[in-house]
There are 2 protein chains.
Amino acid sequence: MPFQNDFFKSAFSVDNIIFGFDRDTLKVLLIKRAYEPFSGEWALPGDLVRPDEDLDQAAFRILEELTGVKDVYLDQVHTFGEVNRHPRGRVITIAYYSLVNIKNVSIRASSFADKVAWKELRSISKLAFDHYEIMQTCLRRLRRDVKFQPIGFELLPEKFTLTELQRLYESVLEKDLDKRNFRKKILSMNVLKSLDELQQNVAHRPAMLYSFDAEKYKLAKEQGFIFEL
Amino acid sequence: MPFQNDFFKSAFSVDNIIFGFDRDTLKVLLIKRAYEPFSGEWALPGDLVRPDEDLDQAAFRILEELTGVKDVYLDQVHTFGEVNRHPRGRVITIAYYSLVNIKNVSIRASSFADKVAWKELRSISKLAFDHYEIMQTCLRRLRRDVKFQPIGFELLPEKFTLTELQRLYESVLEKDLDKRNFRKKILSMNVLKSLDELQQNVAHRPAMLYSFDAEKYKLAKEQGFIFEL
DNA sequence: GCAAAAGTGTTTTCATTACACCCATGT
DNA sequence: ACATGGGTGTAATGAAAACACTTTTGC
């Protein structure tokens with residue numbers, strides 16, 4: 001580390017807001033802090049970035065340590081760096097969000113946390129540090145991204161019904177959608193493949209299962225196709 | 001600074017890509033580096049963030065030191081933090097972009113720079129550090145933002161003609177627009193005020209001058225209006 | 001009077017919206 | 001047989017796209 005001076009008295013962390021979707025509600029994975037500062041309060045999972053670690057790597061590490069999942073959607077959102085945002089020194093934080101299938105997550109103990117839990121988004125009104133603001137920023141970002149990129153699927157199981165997909169969009173966007181129009185639109189985009197397979201054991205007419213067709217999407221995108229919902 | 005350990009051996013900088021618009025071409029303000037590393041190469045203006053300085057403040061400081069302008073549009077884009085992006089240590093950089101009226105800029109000497117100059121975007125193929133990648137990311141961001149936020153005006157003088165505005169959008173978006181449709185659309189959005197004042201000394205029919213009406217836009221936005229071009 | 005850019009409406013095309021009934025399954 | 005959600009088409013509306021000529025000024 002050849003040059004060091006007053007500027008090298010700071011650190012940077014990554015906070016990763018992990019979104020999950022449960023039946024019809026959006027949730028985020030929070031930790032209850034085990035230590036000061038903000039001991040006992042709920043916070044976003046995060047950690048200091050290690051000296052030999054890229055930022056994205058750090059975000060994936062936090063996610064995997066906490067949930068066991070990897071290879072999921074993850075994107076950088078914004079960097080928060082107010083001088084006094086951390087009571088113990090100058091720490092800026094790079095916020096990421098990730099989208100996981102809540103069923104794939106097996107919550108793991110963490111040295112940082114007393115407790116780890118999925119919390120309904122709507123129920124959260126306060127978090128440690130500036131994490132509430134960070135959460136709001138990430139949520140606005142999710143709401144925008146979901147309209148212009150085919151990432152909704154990341155929150156669902158591999159196989160899903162169109163109604164499940166619609167419920168997902170409805171809760172992310174916080175507005176009701178018309179069933180027929182939704183189906184027409186999403187199917188016309190040609191990024192889903194029908195699995196010729198039906199739901200089992202439901203007390204009503206079973207729905208067709210679909211999955212996202214990443215191949216088809218990739219090709220279409222190269223031809224200039226733009227996903228937009 | 002109460003806690004310090006191995007993690008506090010890093011620094012963060014802000015790089016600010018400053019866009020200007022000259023007649024019909026997009027330009028960016030670059031500096032020619034005076035010192036190693038990358039001495040003699042063109043780079044984005046930037047600096048380490050001071051210990052008592054917020055990130056946005058740092059970006060504004062860089063802008064003002066270099067150009068004399070302040071109170072202009074400036075927004076954070078992305079944070080670049082690959083382990084080896086800086087040859088002298090772990091330095092992550094938070095990238096910002098700003099939009100200035102090129103006529104208001106009076107380029108100033110800088111301790112960091114041999115030379116400061118406006119460069120046509122299209123002519124740039126290589127920059128110091130990872131600055132070329134940063135520039136591309138900011139440019140993609142500008143192209144997206146300009147369609148959904150009324151920020152094009154920031155690159156023009158206070159008073160401008162509709163044709164000037166159209167040329168601006170055409171060069172940012174890199175595609176030709178239809179004159180009549182463009183005017184219909186932008187005027188229908190009701191965010192411009194006609195100044196009842198004509199161009200002077202032009203060798204053709206003089207055009208009406210307009211300015212952006214921030215008040216009207218603010219009100220319309222509160223009513224749910226969304227700017228979209 | 002010529003060159004140069006300003007200004008102006010209508011028609012066609014396409015995407016979005018609104019809307020209601022029958023179907024397949026489990027109990 | 002009933003309750004539950006699945007699945008389907010059409011007409012009306014509104015936004016976007018295509019398109020050409022007249023006007024005003026300086027030289």
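To find a chain, count down the sequence lines: A is the first, B the second, and so on, and within it residues start at 1. In what follows, every heavy atom counts, from backbone to side chain, and hydrogens, waters and symmetry copies are set aside.
The stretch residues 150-169 of chain B has no heavy atom under 4.0 angstrom from DNA chain D at all. Residues from residues 182-194 of chain A placing a heavy atom under 4.0 Å of any atom in DNA chain C, listed by number, are A/K184, A/K185.
C/dG7 atom C1' lies 14 Å from atom CG of B/N181, rounded to whole Å. Between the CZ atom of A/R180 and the P atom of D/dA11 there is a distance of 13 Å, rounded to whole Å. Atom P of nucleotide C/dT16 and atom CG of A/L177 are separated by 13 Å, given to the nearest angstrom. Across the protein-nucleic acid pair, B/D176 atom CG and D/dC19 atom C1' stand 15 Å apart, rounded to whole Å.
Distance alone, capped at 3.5 Å, places no donor-acceptor pair between the A/D22 side chain and the A/T25 backbone. Proximity of a side-chain donor or acceptor of A/D178 to a complementary backbone N or O of A/R180 within less than 3.5 Å is detected.
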Indicate every side-chain donor-acceptor pair of residues 149-159 of chain B with a distance under 3.5 Å to a residue at least two apart or in another chain.
| residue | atom | partner | partner atom | Å |
| --- | --- | --- | --- | --- |
| B/K159 | NZ | B/E197 | OE1 | 3.1 |
| B/K159 | NZ | B/E197 | OE2 | 3.3 |

For residues 205-213 of chain B, dump all side-chain donor-acceptor pairs below 3.5 Å to protein atoms at least two apart in sequence or in another chain.
| residue | atom | partner | partner atom | Å |
| --- | --- | --- | --- | --- |
| B/D213 | OD1 | B/E215 | N | 3.3 |
| B/D213 | OD1 | B/K216 | N | 3.1 |

Show the atom names and distances, to 0.1 Å, of all donor-acceptor pairs under 3.5 Å that link a side chain in residues 100-107 of chain A to residues at least two apart or in another chain.
| residue | atom | partner | partner atom | Å |
| --- | --- | --- | --- | --- |
| A/N101 | OD1 | A/K103 | N | 3.0 |

What pairs of donor and acceptor atoms, side-chain ones from residues 164-177 of chain A against any protein atom, are under 3.5 angstrom apart with sequence neighbours left out?
| residue | atom | partner | partner atom | Å |
| --- | --- | --- | --- | --- |
| A/E164 | OE1 | A/T161 | N | 3.0 |
| A/Q166 | NE2 | A/E170 | OE2 | 3.2 |
| A/Q166 | NE2 | A/L177 | O | 2.9 |
| A/R167 | NH1 | A/E170 | OE1 | 2.9 |
| A/E170 | OE2 | A/L177 | N | 2.8 |
| A/S171 | OG | A/R167 | O | 2.9 |
| A/S171 | OG | A/L168 | O | 3.3 |
| A/E174 | OE1 | A/R143 | NH2 | 3.3 |

Distances under 3.5 Å only, N/O to N/O: pair up the protein atoms with those of nucleotides 25-27 of chain C.
| residue | atom | partner | partner atom | Å |
| --- | --- | --- | --- | --- |
| C/dT25 | O2 | A/H204 | N | 3.4 |

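Looking only at atom types and distance, the side chain of A/N16 has a donor-acceptor partner in the side chain of A/S98 under 3.5 Å away.
Considering all non-hydrogen atoms of both residues, B/F12 and B/I94 come closest at CB-CD1, 4.3 Å.
An end-to-end axis angle of 0° holds for the helix from C/dG1-D/dC27 to C/dT27-D/dA1, taken from five base pairs per end and rounded to 10°.
For B/Q136, the side chain to side chain donor-acceptor pair (under 3.5 Å) test picks out B/Y132, with sequence neighbours left out. Under the rule for a ring pair (Phe, Tyr, Trp, His ring centres under 6.0 Å), B/Y96 has no partner lying at least two apart in sequence or in another chain. For B/E41, the side chain to side chain contact (heavy atoms under 4.5 Å, CB included) partners are B/F38, B/K126, B/A128, not counting sequence neighbours. For A/Y73, the ring pair (Phe, Tyr, Trp, His ring centres under 6.0 Å) partners at least two apart in sequence or on another chain are A/Y97.
When the nearest nucleotides of DNA chain D are assigned to A/Q199 and A/D178 by heavy-atom distance, the more 5′-ward of the two goes with A/Q199.
Between B/F129 and B/H131, the ring planes lie tilted relative to each other; the angle falls in the 30° to 60° range.
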